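Labels below follow one simple rule: chain letters A, B, ... track the order of the sequence lines, proteins then strands, and each chain is numbered from 1. If you're wondering where the values come from, they're calculated on a predicted model, not measured in any experiment.
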Number of protein chains: 2
Amino acid sequence: MAITIDDERLDAVFAALADRTRRDIVARLSEGEATVKELAAPYAMTLQAVSQHIGVLERCGLVSRGRHRQTRPCRLEPQTLETAVSWIEESRRAWAERMDRLEAHLARLQDGQQR
Amino acid sequence: MAITIDDERLDAVFAALADRTRRDIVARLSEGEATVKELAAPYAMTLQAVSQHIGVLERCGLVSRGRHRQTRPCRLEPQTLETAVSWIEESRRAWAERMDRLEAHLARLQDGQQR
DNA sequence: CGTGTACTCAAGCATCTACTTTATCAAGCG
DNA sequence: CGCTTGATAAAGTAGATGCTTGAGTACACG
């Protein structure tokens, strides 16, 4: 039952998504590839800072960088997003199941009282 | 379309989930309520440290603490998990859509060549 | 009442993070 | 060739984070 082999990976993915700028970059990459310069354009910070953000996204597997002429086009790696979602869904599923059982139990109790 | 009013909330939720101990606590709370002492039991760290972790989870809305006698029972707030999932799913959905369009486009190109 | 238990508050410390500036590199252009 | 462009590398800094210890609070039990 998923003894969380990839705990470090999850640490890194959630930490990466904990930053507004990086979430923004992910959202923009979901619309298609973009170069570092293009991704940096909207922000007040330096290009280097954005490159570092992309480095964080790359190291945790959310993004990959290629090479085309003098640019490094970035693309989303959606299956890494998947690992984050599936971790969360696991907890929500367990909780929902538990609530269902509780509800059923309460219904049985009430049945007993009415008789 | 969601100009991210709750950016700070998302920052906090993802930052909270970026820690192994806190993810573990969330997972355990998905099996049911627990007191601070119970939650702290498995870890080498002090009770205070665990209480601080719960504080982080509480501040971002993932967990709520009640009062029962001298204990503070903690429970999961699953709708906050929902906000994190739905942010991620939005990006994945956009990416999947884009891939579908790309595929369709490539199919049309190939059709043209074959004729 | 005093003692124990469950917990929070507060201060201190080591480490990590999000930037910055300066320097460097590699590809294309005159 | 030298110069610009798009990018990474490295080093420094202010502020956040994860933990500790020590002290304080609220409830129960005898």
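V56(B) and F14(B) end up in different hydrophobic clusters when Ile, Leu, Val, Met, Phe, Trp and Tyr side chains are linked at under 4.5 Å.
Of the residues in residues 15-30 of chain A, not one places a heavy atom less than 4.0 Å from an atom of DNA chain D. Sorted by residue number, the members of residues 37-49 of chain B with any non-hydrogen atom under 4.0 Å from DNA chain D read M45(B), T46(B), Q48(B), A49(B).
For T80(A) against C60(A), the heavy-atom pair with the smallest separation is CG2-O, 3.5 Å. Here the closest non-hydrogen pair linking D11(A) and D19(B) is OD1-C, 4.1 Å. Closest non-hydrogen pair, R93(B) versus E90(B), comes out as NH2-OE2, 3.1 Å. Annotation for H68(B) and P73(B): closest pair N-CD, 3.8 Å, computed over non-hydrogen atoms. Residue E77(A) comes nearest to G61(A) through the heavy atom pair CB-O, 3.2 Å, listed as atom of the first residue, atom of the second, then distance. The heavy-atom pair separating V13(A) from A84(A) by the smallest distance is CG1-CB, 3.9 Å.
Evaluation of the salt bridge (charged side-chain N to carboxylate O under 4.0 Å, His left out) rule for R75(A) yields E33(A) as partners, not counting sequence neighbours. Take R59(A) and apply the salt bridge (charged side-chain N to carboxylate O under 4.0 Å, His left out) test, not counting sequence neighbours, and it matches no residue.
A salt bridge links E89(B) with R92(B); the closest basic N to acidic carboxylate O contact falls under 4.0 Å.
Where DNA chain D pairs in unbroken runs of 3 or more (Watson-Crick or G-U, both distances under 3.5 Å), the stems are C:1-30 with D:1-30.
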Polar pairs (N or O, both sides) under 3.5 Å between protein and nucleotides 24-30 of chain D?
none

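A close approach under 4.0 Å does not occur between any side-chain nitrogen or oxygen of S51(A) and OP1 or OP2 of dA7(D).
In terms of polar N and O atoms assigned as donor or acceptor, the side chain of Q52(A) comes within less than 3.5 Å of the base of dT20(C) in a complementary pairing.
Note: CG (L57(A)) to P (dA18(C)) measures 11 Å, nearest angstrom. Rounded to whole Å, the distance from CG on D11(B) to C1' on dA16(D) is 13 Å. At whole-Å resolution of the value, NE2 in H53(B) and P in dT17(D) are 12 Å apart.
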